[in-house]
Number of protein chains: 2
Amino acid sequence: MEDRPKATRNGRAAAKAKQVEAELIAVVVSVNDGEPAVLTIGQGDCLPSGPFALEHRSLQSGLRAWVEQQTGHPLGYIEQLYTFADGDRADDGRQQRVISISYLALTRKEHATGASSCAWRSWYDYFPWEDHRLGTPKLIADVLKPRLLAWAADAEQNATRSERRRRAAIAFAFEDRSWNEELALKRYELLYEAGLMAEATRDRRSVASDSTAGTAMIADHRRILATGLARLRSKIKYRPVVFELMPPAFTLLQLQRTVEALAGRLINKPNFRRLIEQQELVEETGKMSLDTGGRPAKLYQFRRAVLDETAVAGTKLPLARG
Amino acid sequence: MEDRPKATRNGRAAAKAKQVEAELIAVVVSVNDGEPAVLTIGQGDCLPSGPFALEHRSLQSGLRAWVEQQTGHPLGYIEQLYTFADGDRADDGRQQRVISISYLALTRKEHATGASSCAWRSWYDYFPWEDHRLGTPKLIADVLKPRLLAWAADAEQNATRSERRRRAAIAFAFEDRSWNEELALKRYELLYEAGLMAEATRDRRSVASDSTAGTAMIADHRRILATGLARLRSKIKYRPVVFELMPPAFTLLQLQRTVEALAGRLINKPNFRRLIEQQELVEETGKMSLDTGGRPAKLYQFRRAVLDETAVAGTKLPLARG
DNA sequence: CCCGTTTATAATCCATTCGACTATAAGGGG
DNA sequence: CCCCTTATAGTCGAATGGATTATAAACGGG
């Protein structure tokens, strides 16, 4: 059985043909006054990114270095999102492949970010159909729904037509289905496929659609952003990651507003409080917040201890069903 | 703002220093007669893998090609697990980095795999402490617990000692905590850190421990396997992936045994049936299985339609709590 | 100073979920 | 025919979690 590490040996022998460049991309998220924001560079159409190089000790430290260099912002919590190859880069004629490794980072805005050419932009600039806190956005019924149905009707085969209609109905809660905020990535992919994203028309070199929604980004950065959004919306339901976005002391309503900003939907207040308390995620600081506008609220802090305990329990947040 | 795609441009300008090799690694899982198996090559100490090369259209197709070449086994369902860099490869003096992109694949054994040098091995050969179907393995109380406690006591600082004890207690359900099958990766990491895995003593070039548990693998392959195990145990609870492991027609008990094999714990039978049925995951084929040993059982098949519907619902499986 | 507004905080109601258990049905073998 | 095995149906009860109501405490305006 001398051929055991065959693959690796072959790879090294003929390594020349198998060299790739690895790119690190970050979705850096914060929430300020109930608005979820993402850290962008350029004209707000680009996520912080850079190649993984020899001087980086690890993928994570490489990512931290690039983000700090490009935005002046140090990162706390980070988690890997997804790795993919050959977006639209292979078509420039060079025989060089790029692998993109994307990360989700949670932080707080506060750090004054010097004069870098970076900016915090609201998630919902890029995905205006995702914010359901004030009800279903009109954009959906006025623009997206008719366009999606037209796209479905465009299909040649009958089966394809009904499949497209069903996919759209599930993703966007047509035909009185209930809205599912975790489907953010599926919705982006559907809109891309239907030619409603500026990126799609650009990539296909086809005629620009008469109606595209949300702010576009370079390459596949908006897709990566959608991936981060979907991951975060899913994760806040079973892991206490929200606290990475909170200041050291906060009121329960501030915590709720942060979750709502991420989920893009409103939460029942008493139930939210009950769940937070019975899970012992927070403890009182003893101080009160006076600038609530009404009755002063207790200030709480995250119980760091649960970061170990919770590995067992799983932390749920009550996101009301439609 | 002409410096927008700065990172990428820099990367290309000085590309020479930033070349890496990308390796694809597969955890291929099947379940046969209630035994969960993983596809290995070599002496059962190596997962199928190979470099990502120019001829591969995508990461996934590259992975499929390597697995099929090395094992003769075509893959169905695959999902990305994790990407990591610089395992223990950077220390051989070469200035060359390797990025490993790991995948989880679910399949069925059936395909006669020619005469390749590959073999199906039980998961629990590598993680004997993970199978709790017949009660808690004696290995835990007899070997792991004393060794872990000794490791905890070894720490110099008081805080470190109590932290190690707490981590061990959570992961292995000491001090009458309840067993959580999803912590498989944490358990492996803990045992590695405590020097109980042959890989750890090998990596550190330290004296081999007097007691190591389970079959070791090359490099970090056993860690990757643990990652796949943990991911799968988590995922079967909210997505209907189990059916990728089932034959076209099966009895409800066979389905239950498969879930139990993956989870490493037993499930309450009436509750399992109730959950499967009320979620409409399966439909009757009209045929019966006669070789049950008792009363004949209805044969069911997976309702492919739920693969779309379920995007909304989330499919739970009742894994009884300790 | 009262009173309406705003927010905080506590308590209750109720449908659903889900673990645990019991009971009945239908095959085979001695 | 009894007894083993497994299949299948039904019940009980605790806990979860969504929805609603009630009370408390600040502020500001008339």
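Just so we're clear, the structure is a prediction, and the values are computed from it rather than from any experiment. Values below: every heavy atom of this structure, side chains too, minus hydrogens, waters and symmetry copies. So you know, we letter chains A, B, ... as the sequences are listed, proteins then strands, and number each from 1.
- Rounded to an integer number of Å, the gap from CZ of Phe272(A) to P of dA11(C) is 19 Å.
- On a pure distance criterion of 3.5 Å, no polar donor-acceptor pair joins the side chain of Arg295(B) and the base of dA26(C).
- Looking at Arg274(B), its side chain comes within 3.5 Å of the base of dG19(C) through a donor and an acceptor atom.
- Look at Lys109(A) and Glu35(A) and you find no salt bridge, because none of the NZ, NE, NH1 or NH2 atoms lies under 4.0 Å from a carboxylate O.
- A salt bridge links Glu181(A) with Arg265(A): at least one charged nitrogen is closer than 4.0 Å to a carboxylate oxygen.
- Here CD of Glu260(B) is found 10.0 Å from CG of Leu255(B). Values are rounded to the nearest 0.5 Å.
- Residue contacts for Leu252(A): at a heavy-atom cut-off of 4.0 Å it reaches no nucleic acid atom on any strand shown.
- Put simply, Lys298(A) has no side-chain N or O that comes within less than 4.0 Å of OP1 or OP2 on dA8(C).
- Separating the CE atom of Met288(A) from the P atom of dT9(C) is a distance of 6 Å, rounded to the nearest angstrom.
- The distance between atom CD1 of Ile276(B) and atom P of dG19(C), rounded to the nearest whole Å, is 12 Å.
- Whole-Å rounding puts the Ile267(A) CD1 to dA8(C) P distance at 14 Å.
- The CG atom of Leu275(A) sits 17 Å away from the C1' atom of dA11(C) (whole-angstrom rounding).
- Separating the CD atom of Glu284(A) from the P atom of dA10(C) is a distance of 8 Å, rounded to the nearest angstrom.
- Across the protein-nucleic acid pair, Lys269(B) atom NZ and dA9(D) atom P stand 12 Å apart, rounded to whole Å.
- Salt bridge annotation for Glu79(B)-Arg239(B): absent, with no cationic side-chain nitrogen under 4.0 angstrom from a carboxylate oxygen.
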